[in-house]
2 protein chains.
Amino acid sequence: MYEVSCGWQGDMAFKAEVGGHEIMLDADEAVGGHDQGPTPKPLTLVSLAGCTGMDVISILRKMREPVSWFNVRVQSDLTGEHPKTYTNIKIIYEFKAADGLKDENVRKAILLSQDRYCGVSAMIKKATPIDFEVVYL
Amino acid sequence: MYEVSCGWQGDMAFKAEVGGHEIMLDADEAVGGHDQGPTPKPLTLVSLAGCTGMDVISILRKMREPVSWFNVRVQSDLTGEHPKTYTNIKIIYEFKAADGLKDENVRKAILLSQDRYCGVSAMIKKATPIDFEVVYL
């Protein structure tokens, strides 16, 4: 079983405990916080980026693809009305073109993550469509 | 628009950037990581705990309820098959009984968060049922 906790630290700050690690969460000054850490909502996107990122790097390394640099960006707009939710999530998988990766393998790794392995993607897709693109920098 | 990024740091580690703050993500040793930070999947639960926690503390303070200590725990099991997703999320809102809070107001604040304000709850509920309980310690 997974368990996390978030202990209130005064004003809008909470200290999260997750798997023996701590993360301070806070709100912006505009809503009474002091920006001591990230706001909670985009952590859902960090969870998504990290989950699919770990899948993709694991699969590409098993394929012996020579990845030297890899970055996952996740973007979304929010609805205007409460409860404010993500409207359209885009995952941008960025690699270095100079590494000479096989694009076919990169796309295979991403599709394995998106369609089979990434539990965070599977959950979020039930609320919000997820698109992706691959970029070689 | 929200944007987060996760840059690969070697092995299974990724450094997330979210709203000007950094979070190191990593995997357990058993799957090739070094436990330098939380794994990505439970961050979805941290996002949920923080989002509803900030709603509830804001509402209770507007109600002038005398909260001195507040903790939000979130628990869930995972499915056994890929993609591994949460099966049944429970949010436990913990307060100090000695504060003399009005239970009716505490429950009203939680229901406002769960039914109206918490965007993370609204998204996750589409994938997984969310229950809650209130505990006075």
Side-chain angles (χ1 to χ4, degrees), chain A residues 1-8 12 14 16 18-21 23 25 27 31-32 35 37-51 53-54 57-58 67 69-79 82-86 116-128, chain B residues 1-8 12 14 16 18-21 23 25 27 31-32 35 37-51 53-54 57-58 67 69-79 82-86 116-128:
Chain A
M1 202 213 311
Y2 276 96
E3 175 163 325
V4 305
S5 75
C6 279
W8 181 49
M12 297 293 276
F14 283 80
V18 47
H21 300 280
I23 304 171
L25 308 180
V31 293
D35 190 31
T39 59
K41 195 172 287 169
L43 281 190
T44 303
L45 302 182
V46 171
S47 178
L48 173 64
C51 193
M54 286 189 191
I57 197 69
S58 300
V67 183
W69 189 91
F70 173 39
N71 191 62
V72 183
R73 285 193 292 138
V74 177
Q75 302 172 333
S76 186
D77 291 313
L78 276 186
T79 57
H82 292 296
K84 293 185 181 174
T85 56
Y86 295 117
R116 180 159 179 202
Y117 289 111
C118 180
V120 180
S121 296
M123 287 186 279
I124 290 179
K125 272 179 197 169
K126 295 198 177 165
T128 306
Chain B
M1 204 216 308
Y2 276 95
E3 175 164 323
V4 305
S5 75
C6 279
W8 181 50
M12 297 294 276
F14 283 79
V18 47
H21 300 279
I23 304 171
L25 307 180
V31 293
D35 191 31
T39 59
K41 195 172 287 169
L43 281 190
T44 303
L45 303 182
V46 172
S47 178
L48 173 63
C51 193
M54 286 191 192
I57 197 69
S58 301
V67 183
W69 189 91
F70 173 40
N71 190 62
V72 183
R73 285 193 292 139
V74 177
Q75 301 173 332
S76 185
D77 291 313
L78 276 186
T79 58
H82 292 295
K84 293 184 182 175
T85 56
Y86 295 117
R116 179 159 179 202
Y117 288 112
C118 181
V120 179
S121 296
M123 287 185 282
I124 290 179
K125 273 177 197 170
K126 295 196 177 167
T128 306

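Lettering of chains follows the sequences in order, A, B, ..., and the numbering in each one begins at 1. In this text, all values refer to a predicted model and were calculated from it rather than measured experimentally.
Listed options B:Cys51, B:Ser5, B:Cys6 were ranked by heavy-atom pairs under 4.5 angstrom with chain A; first place goes to B:Cys6. Put simply, of A:Ile23, A:Ile57, A:Leu45, the one with the most heavy-atom pairs under 4.5 Å next to chain B is A:Ile57. Per-residue heavy-atom pair counts under 4.5 Å with chain A were compared for B:Ala122, B:Gly37, B:Ser58, B:Gly7, and the maximum is reached by B:Gly37. Of the listed residues (A:Ser76, A:Ala16, A:Gly50), the one with the most heavy-atom contacts under 4.5 Å to chain B is A:Ser76. No other option in B:Ser121, B:Ala49, B:Ala127 has as many heavy-atom pairs under 4.5 Å with chain A as B:Ala127. Of the listed residues (A:Asp77, A:Leu78, A:Val74), the one with the most heavy-atom contacts under 4.5 Å to chain B is A:Val74. The candidate with the highest count of non-hydrogen atom pairs below 4.5 Å against chain B, out of A:Gly19, A:Gly53, A:Cys118, is A:Gly53. For the set A:Met123, A:Lys126, A:Arg116, A:Lys41, the count of heavy-atom pairs under 4.5 angstrom toward chain B peaks at A:Met123. Most heavy-atom pairs under 4.5 Å with chain B: of the set A:Val46, A:Val18, A:Thr39, this distinction falls to A:Val46.
Remark: the backbone N or O of B:Pro40 is paired with a side-chain donor or acceptor of A:Ser47 at under 3.5 angstrom.
Closest non-hydrogen pair, A:Gly119 versus B:Thr85, comes out as O-CG2, 3.5 Å. In terms of heavy-atom proximity, A:Met54 sits nearest to B:Met12 at CE-O, 3.2 Å.
The parts of B:Tyr2 that come within reach of chain A are both its backbone and its side chain, each placing non-hydrogen atoms under 4.5 angstrom from that chain. Only the side chain of A:Phe14 comes within contact range of chain B, with heavy atoms under 4.5 Å apart. Residue contact with chain A, scored on non-hydrogen atoms closer than 4.5 Å, involves the backbone and the side chain of B:Val67 alike.
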Stepwise, does the side chain to side chain contact (heavy atoms under 4.5 Å, CB included) test hold for A:His21 with B:Asp35?
CA-CA 9 Å; A:His21 300 280; B:Asp35 191 31; 2.8 Å; yes
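In summary, of the residues considered (B:Val4, B:Val120, B:Leu43), a side-chain contact (heavy atoms from CB on, under 4.5 Å) with A:Thr44 occurs for B:Val120 alone.
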